[in-house]
Each structure stands twice: as structure tokens, then as C-alpha cells.
Amino acid sequence: MAAIIFDLDGTLLDSAPDIHAALNAALAPYERSVSLEQARGFIGRGAPVLVSRARAALDLDDSLQDPILADFLDRYETAVALTQPYPGALEALDTVAARGHTMAICTNKPIGPARFVAAHFGLDTRMRAMFGGDSLATRKPDPEMLHATMATLGAETCLYVGDSETDCETARAADVPFVLFTEGYRHTPPEALPHAAAFGDWAQFPDLAERVLMSG
Ligand SMILES: O=C(O)COP(=O)(O)O
Ligand SMILES: [Mg+2]
């Protein structure tokens, strides 16, 4: 039995289209918008950083951070219509659970929308714990969220599975093996992100996780 901890956006769920829609709705009063590609590139360090990255790209004043963020968070809370699990991700979680592993989510997405979207796709019942970007005083890449998740699970070690630079940095800071999902919202090539293993198809994940756990 081992603990396997997952990132959410860009790893289990392709949620960028919902994040894009909520962001553009919050930018609409200022007659600005971003492309889906841009929005995808802003994801990874939590909602406040997403909004400040969008403002920087659009040259919108710092004084607009709080109103845009508040409006964005309001719309984000229940945004699931455009989100999809990556193909095979839910089935892979069931295989991992059937092999006796404990699973949890560690995401920079605020815990409100994280819980809502997790319940919508039945992820919540598959997970023993879930920490979001506003659950603690810090968020990824600070390793605290992984430490807190492991403490909740009573796990001495774990695998961390994520899609981004932030996830790689977090795993390294927490000194746990990192498994990279290559189809998410990364900016840099996979070679630039140190990883114990990488995969682009969730069907490969259960066996790959076993191999990494055995080699650790
Ligand atoms: O909300 C974000 O910025 C990123 O979310 P994630 O940590 O699940 O990738
Ligand atoms: Mg992610």
C-alpha cells in the first residue's frame, strides 16, 4: 500500500476551457479578453496568480486585481460545463484503488471549485483527502501542502503526479518522486522537468506507478 497524490488541473481534468470562460467573463467589464491558449499558460500557481498574469498580459492596473479576482472566483466556484477528465483518468484511478493504494488531491485550485468539480466527476469518493490552493497559508511550490496531505493519509512517502513546473518543484521540495503527465499545461519540455517517470496516456499510469513505487 502506498499513497499516490495527484494534481488536478491539467493532470486529472482538462479544466482550462472553464477557467478561460470564467476569466473572460470577469475581464468583460474592462472590455478585455484572453485566448484559451493564453489562459492555459496562466494556470498553475493558483487563482490570484492567474488573474495577475492576465492583467499583466492585458496591461490592466494593479488596482483591478481584487475586483477581477472576486468576480472570477464567484464564477469559478461551480464551473464544470466545459471541463472533462482526461481520457482514461478515472478508470486508471479505479485500477490504482483496486491495487490497494490510497489517493489524494493536492491542487492550487481554490478548495471550493476543487470540491465542486471533484464531486461532479465522482473524484471525491475516490480520494481520501483533498487540499486546495487556499486550504493552507501557503500553496505549491511550497512543499507544505504535500506534507499536510501525507500527514492526513498517515503516509511516510508518496508519489506526486502532476503536469507542471510548479508540481515538479513541489515534489522536489518535499523530496518525493515526481511523475509527469505530459498532456497538461506545461511551458517547458519534459526533459527540463526532473521526473521519476512520465506518461501521456492514463492507461499507462497504473503499471508505471507500480514500477516507480517498486524502484523507490
Ligand atoms: O489553479 C491552478 O492554478 C492550478 O491548479 P492545479 O494545481 O490543479 O494544476
Ligand atoms: Mg496542474
Side-chain angles (χ1 to χ4, degrees), residues 3-30 33-34 36 38-55 60 64-86 89-90 93 102-153 160-164 166-167 170 174 181 184-185:
I4 305 183
I5 305 179
F6 299 89
D7 172 63
L8 188 58
D9 295 320
T11 298
L12 291 169
L13 301 179
D14 185 13
S15 45
D18 266 315
I19 295 172
H20 174 236
L23 182 59
N24 274 348
L27 291 168
Y30 312 97
S33 65
V34 295
L36 176 59
Q38 280 177 301
R40 201 182 275 121
F42 301 152
I43 299 170
R45 295 245 169 170
V49 174
L50 175 97
V51 168
S52 60
R53 285 172 170 170
R55 279 194 309 96
L60 285 172
L64 299 177
Q65 174 71 14
D66 290 351
I68 295 173
L69 178 60
D71 191 5
F72 169 73
L73 288 175
D74 208 39
R75 297 167 187 280
Y76 196 20
E77 195 67 22
T78 56
V80 296
L82 306 174
T83 295
Q84 282 299 325
Y86 283 98
L90 299 181
L93 295 182
T102 313
M103 299 184 290
I105 286 174
C106 234
T107 172
N108 269 351
K109 197 181 193 78
I111 195 67
R115 285 200 190 287
F116 191 91
V117 77
H120 182 78
F121 289 110
L123 277 173
D124 54 342
T125 53
R126 293 169 160 100
M127 300 292 157
R128 273 266 305 280
M130 184 154 26
F131 281 82
D134 53 355
S135 295
L136 303 172
T138 60
R139 59 172 72 89
K140 299 181 294 183
D142 190 300
E144 184 50 31
M145 208 197 286
L146 273 186
H147 290 150
T149 309
M150 286 161 69
T152 303
L153 301 178
Y160 188 50
V161 186
D163 68 305
S164 73
T166 306
D167 300 318
T170 309
F181 176 60
Y185 309 149

With I43, the side chain to side chain contact (heavy atoms under 4.5 Å, CB included) member among I19, L23, D163: I19

Qualifying residues under salt bridge (charged side-chain N to carboxylate O under 4.0 Å, His left out), relative to R53, sequence neighbours excluded: none

Sequence neighbours excluded - salt bridge (Lys or Arg N to Asp or Glu O under 4.0 Å) pairs with any residue from residues 11-24: none

With sequence neighbours excluded, residues passing side-chain hydrogen bond (donor to acceptor under 3.5 Å, both in side chains) with S164: D167

For P110, does its backbone N or O pair with a side-chain atom of D134 as donor and acceptor, under 3.5 Å? no

Sequence neighbours left out, what pairs pass salt bridge (Lys or Arg N to Asp or Glu O under 4.0 Å) with at least one residue falling in residues 72-81? D71-R75

By ring pair (Phe, Tyr, Trp, His ring centres under 6.0 Å), which residues pair with Y86, not counting sequence neighbours? F181

Scan residues 64-84 for pairs that pass ring pair (Phe, Tyr, Trp, His ring centres under 6.0 Å), counting only residues two or more places apart or in two chains. F72-Y76

Just to verify, what does Q65 make a side-chain hydrogen bond (donor to acceptor under 3.5 Å, both in side chains) with, not counting sequence neighbours? R55

Taken in chain and number order and not counting sequence neighbours, the residues that satisfy side chain to side chain contact (heavy atoms under 4.5 Å, CB included) with S33 are N24

Could I get the full list of side-chain hydrogen bond (donor to acceptor under 3.5 Å, both in side chains) partners for T166, not counting sequence neighbours? R45

Residues which pass side chain to side chain contact (heavy atoms under 4.5 Å, CB included) with H120, listed by chain and number, not counting sequence neighbours: V80

Just jot down the side chain to side chain contact (heavy atoms under 4.5 Å, CB included) partners of T78, sequence neighbours excluded, or say none. F116

Please list all pairs passing the salt bridge (Lys or Arg N to Asp or Glu O under 4.0 Å) test where one or both residues lie in residues 106-116, with sequence neighbours left out. D9-K109

